[in-house]
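Beneath this line is the structure, given in structure tokens, with notes to follow.
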Amino acid sequence: MGRAFVYVILGGGVGAGYAALEFTRRGVSDGELCIISEEPVAPYERPALSKGFLLPEAPARLPSFHTCVGANDEKLTSKWYKDHGIELVLGTRVKSVDVRRKTLLSSTGETISYKFLIIATGARALKLEEFGVEGSDAENVCYLRDLSDANRLATVIQSSSNGNAVVIGGGYIGMECAASLVINKINVTMVFPEAHCMARLFTPKIASVYEDYYRAKGVKFVKGTVLSSFEFDSNKKVTAVNLKDGNQLPADLVVVGIGIRPNTSLFEGQLTIEKGGIKVNSKMQSSDSSVYAIGDVATFPVKIFGEMRRLEHVDSARKSARHAVSAIMEPEKTGEFDYLPFFYSRVFAFSWQFYGDPVGEVVHFGEYEDGKSFGAYWVKKGHLVGSFLEGGSKEDYETISKATKLKPAVTDMEELGSEGLGFAQTI
Ligand code: FAD
Ligand code: NDP
């Protein structure tokens, strides 16, 4: 026995929420759309979990950050889904999918069939065990991917005041959690294998501004090494972190942010997988014409770079979701997804945005000394391909975004550096 829907969204994260809103705006009828999610709550803005959610004073809590408040749009609570005739199946894992038969099998044993499926399963956090380190199940070792992780982290933070935290990983989770831990009066040591934080995006010069600020806030950096094992007490709580370089760091709390893997396993052998994600065309349609993929799990053509990419950022989840719904409901009117990659972060009073691709030659501009307003351009084959700006206004960010999208020619790198933001303003 089972239920049948015209549209099914598998996964209830950011992409699912934005897709649901788009479906209602394009006129879905009662009972046509079902969202099935392992999480026990309606789709929410995941970025809040490493920011407002971890604040010691007046932390953000649901329902305040359900999608689509992150795009200054409607807040979709469970009631909203009910009022719009959308079946929201929560706390339910899908354990298998039969793409040929167009059916999903849930962990409760229910079969759900679809005419169109949108895969929005996102990603899972990489575990230390995948690098040969045991101990992820200790009560004070925290990952951060979903609400239950965030609740656990918030609880451990509360019981670790004035204690020591070791943050493993110098990427987005590491940097944002380290800032939140400092705000919660916890002593932080960050450990990562690279020479500086955010190594895949930041240049050494950009990274040094943030690292200097973190250091001034008491954060210690241990670079060029990884952890090798944990020390435990008799309750199996971690008490210290052993590093490959032979050093040991005391720990009341460990936060691990060492990357993610997209949740593709239900589709392996059924759909084409590329660069770790489900391969889709410029309409977000997979190798099966009834199945679409959006967000972190989708590898799509990024037209501006002429390359297939998988992105792990909220803006691409939101926009790919809207595009997929448009392509399903109005295929003739839907063109190619023409997306400019956009990343951002907010830590302490810092706020930066990046557009494009961080490849080629880099030129820095602005005030690196005071650390308030500075940026960088990336130039490849004589054209601007990437722009970074810290401390800009809304207009400044729009300016660098528009300029990067146009890939203007750059003839003189030195001049570009001295013009700085002015260069983008003239495009
Ligand atoms: P997700 O939002 O991860 O949703 C996937 C959903 O699918 C989940 O609900 C999951 O439970 C469900 N699911 C998976 N498998 C199954 C299954 N078999 N059955 C049922 N349900 C399933 N990006 C930014 O650009 N800026 C930020 O500041 C930022 N901050 C972030 C902070 C944190 C703590 C995290 C974890 C991520 C952050 N990101 C940020 C990344 C951004 O949140 C993701 O890119 C975005 O959530 C991807 O959306 P998605 O819909 O593809 O997947
Ligand atoms: P990232 O990929 O950003 O960073 C992972 C970091 O961990 C890298 O510095 C990586 O180094 C390092 N690392 C890898 N293996 C080890 C190891 N064994 N020991 C120590 N360090 C290691 O992933 P995160 O976990 O930080 O973030 C998870 C997801 O959440 C990403 O998709 C991210 O986009 C998203 N997110 C985005 C935010 C934002 O956009 N503002 C905020 C928070 C999360 P190396 O590069 O050498 O592999």
Side-chain angles (χ1 to χ4, degrees), residues 9-19 35-51 53-54 67 70 89-97 104 106-107 118-128 130-133 143-150 153 167-177 180 190-201 222-223 225-228 243-244 255-266 277 293-298 310-318 320-321 341-347 352-354:
I9 302 174
L10 168 50
V14 172
Y18 282 77
I35 299 177
I36 178 160
S37 176
E38 197 174 3
E39 290 194 75
V41 292
Y44 58 87
E45 301 286 357
R46 201 164 299 284
L49 299 182
S50 52
K51 304 176 186 70
F53 197 92
L54 300 178
T67 57
V89 182
L90 297 175
T92 307
R93 183 174 176 74
V94 168
K95 51 178 203 183
S96 64
V97 179
L104 319 178
S106 80
S107 53
I118 297 182
I119 305 168
T121 46
R124 65 171 181 84
L126 270 172
K127 288 285 167 81
L128 287 170
E130 293 167 71
F131 296 89
V133 177
Y143 290 82
L144 186 52
R145 182 69 203 179
D146 59 21
L147 192 62
S148 71
D149 293 337
L153 177 57
V167 173
I168 309 289
Y172 287 95
I173 292 281
M175 290 302 279
E176 293 189 5
C177 287
S180 297
M190 294 187 71
V191 180
F192 49 83
E194 303 95 339
H196 61 78
C197 68
M198 297 287 297
R200 275 180 239 168
L201 177 62
V222 179
K223 304 175 183 180
T225 188
V226 291
L227 85 167
S228 55
L243 303 180
K244 275 225 168 92
V255 178
V256 185
I258 54 173
I260 61 167
R261 283 290 174 271
N263 291 318
T264 55
S265 61
L266 294 172
I294 60 175
D296 284 9
V297 80
R310 198 182 56 72
L311 300 173
E312 301 173 356
H313 293 272
V314 74
D315 183 64
S316 101
R318 292 169 180 159
S320 61
F342 162 51
F343 318 140
Y344 72 90
S345 184
R346 290 190 299 272
V347 286
W352 59 259
Q353 298 195 3
F354 174 86

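We use all heavy atoms of the structure for the numbers below, so side chains are in, but hydrogens, waters and symmetry mates are not. Just follow the structure's listing: the first ligand is 1, and inside any ligand the first atom is 1.
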With [atom] as the reference point, say which of [options] has the nearest heavy atom.
| atom | options | value |
| --- | --- | --- |
| atom 37 (C) of ligand 1 | R318, E45, E176, R46 | R46 |
| atom 32 (O) of ligand 2 | E312, M175, R46, R145 | E312 |
| atom 28 (C) of ligand 2 | L126, I260, V167, L201 | I260 |
| atom 16 (C) of ligand 1 | L266, D296, T121 | T121 |
| atom 23 (O) of ligand 2 | S50, G259, G174, C197 | G259 |
| atom 37 (C) of ligand 2 | W352, Y172, F354 | Y172 |
| atom 4 (O) of ligand 2 | G171, G122, P193 | G171 |

Relative to the heavy atoms of [X], which atoms of ligand 2 are at a distance of less than 4.0 Å?
| X | value |
| --- | --- |
| Y344 | 39 (C), 40 (O), 41 (N) |
| V226 | 17 (C), 19 (N), 20 (C) |
| G169 | 7 (O), 21 (N) |
| E176 | 39 (C), 41 (N), 42 (C), 43 (C) |
| H313 | 34 (O), 40 (O) |

Could you check whether any heavy atom of [X] sits closer than 4.0 Å to an atom of ligand 1, since that is the contact criterion I want to use?
| X | result |
| --- | --- |
| D149 | no |
| D146 | no |
| S345 | no |
| I260 | no |
| Y344 | yes |

Which part of [X] is near ligand 1, with near meaning a heavy atom under 4.0 Å away: side chain, backbone, both or neither?
| X | value |
| --- | --- |
| L311 | neither |
| E312 | backbone |
| A317 | side chain |
| K51 | side chain |

For ligand 2, note which part of [X] has a heavy atom under 4.0 Å away: side chain, backbone, both or neither.
| X | answer |
| --- | --- |
| I173 | both |
| I258 | both |
| M198 | neither |

So, is K51 polar-close to ligand 2, with some N/O to N/O distance under 3.5 Å? no
Heavy atom of the protein closest to [atom] (residue, atom name, distance):
| atom | answer |
| --- | --- |
| atom 6 (C) of ligand 2 | G257 O, 3.5 Å |
| atom 20 (C) of ligand 2 | I168 CG2, 3.5 Å |
| atom 17 (C) of ligand 1 | V94 N, 3.8 Å |
| atom 8 (C) of ligand 2 | E194 OE2, 3.4 Å |
| atom 39 (N) of ligand 1 | P47 CG, 4.3 Å |
| atom 32 (C) of ligand 1 | S50 OG, 3.2 Å |
| atom 7 (O) of ligand 1 | G11 CA, 3.2 Å |
| atom 51 (O) of ligand 1 | G15 N, 2.8 Å |
| atom 48 (O) of ligand 2 | R200 NH2, 3.2 Å |

Using only atom types and a distance under 3.5 Å, with no angle test, would you say the side chain of [X] pairs donor to acceptor with the backbone of [Y]?
| X | Y | answer |
| --- | --- | --- |
| S316 | E312 | no |
| E194 | A199 | no |
| K223 | A195 | yes |
| S320 | G295 | yes |

Determine whether F192 and V167 satisfy the following criterion, side-chain contact (heavy atoms from CB on, under 4.5 Å), listing intermediate values before the conclusion. CA-CA 9 Å; F192 49 83; V167 173; over 6 Å; no
Check: Y44/E39 side-chain N/O donor and acceptor closer than 3.5 Å: yes
Salt bridge E38-R124, side-chain N to carboxylate O under 4.0 Å: no
Looking at D296 and R145, is any side-chain nitrogen of the basic one under 4.0 Å from a carboxylate oxygen of the acidic one? yes
Quick one: does G170 get within less than 4.0 Å of ligand 2, heavy atoms only? yes
Looking only at heavy atoms of F343, does any of them come nearer than 4.0 Å to an atom of ligand 2? no
How far apart are the C-alpha atoms of S106 and I36, what are their side-chain angles, what is the distance that settles it, and do they pass the side-chain contact (heavy atoms from CB on, under 4.5 Å) test? CA-CA 9 Å; S106 80; I36 178 160; 4.1 Å; yes
Residues I258, K127; criterion side-chain contact (heavy atoms from CB on, under 4.5 Å); working and verdict: CA-CA 8 Å; I258 54 173; K127 288 285 167 81; over 6 Å; no
Give me the ring orientation class for F354 and F343: parallel if the planes are under 30° apart, tilted from 30 to 60°, perpendicular past 60°. parallel
Over all atoms of both residues, closest heavy-atom pair of [X] and [Y]:
| X | Y | result |
| --- | --- | --- |
| S180 | K51 | OG-O, 4.3 Å |
| L243 | L227 | CD2-CA, 3.9 Å |
| L49 | A150 | CD2-CB, 3.8 Å |

V226 vs F131, side-chain contact (heavy atoms from CB on, under 4.5 Å): CA-CA, chis, key distance, verdict: CA-CA 10 Å; V226 291; F131 296 89; over 6 Å; no
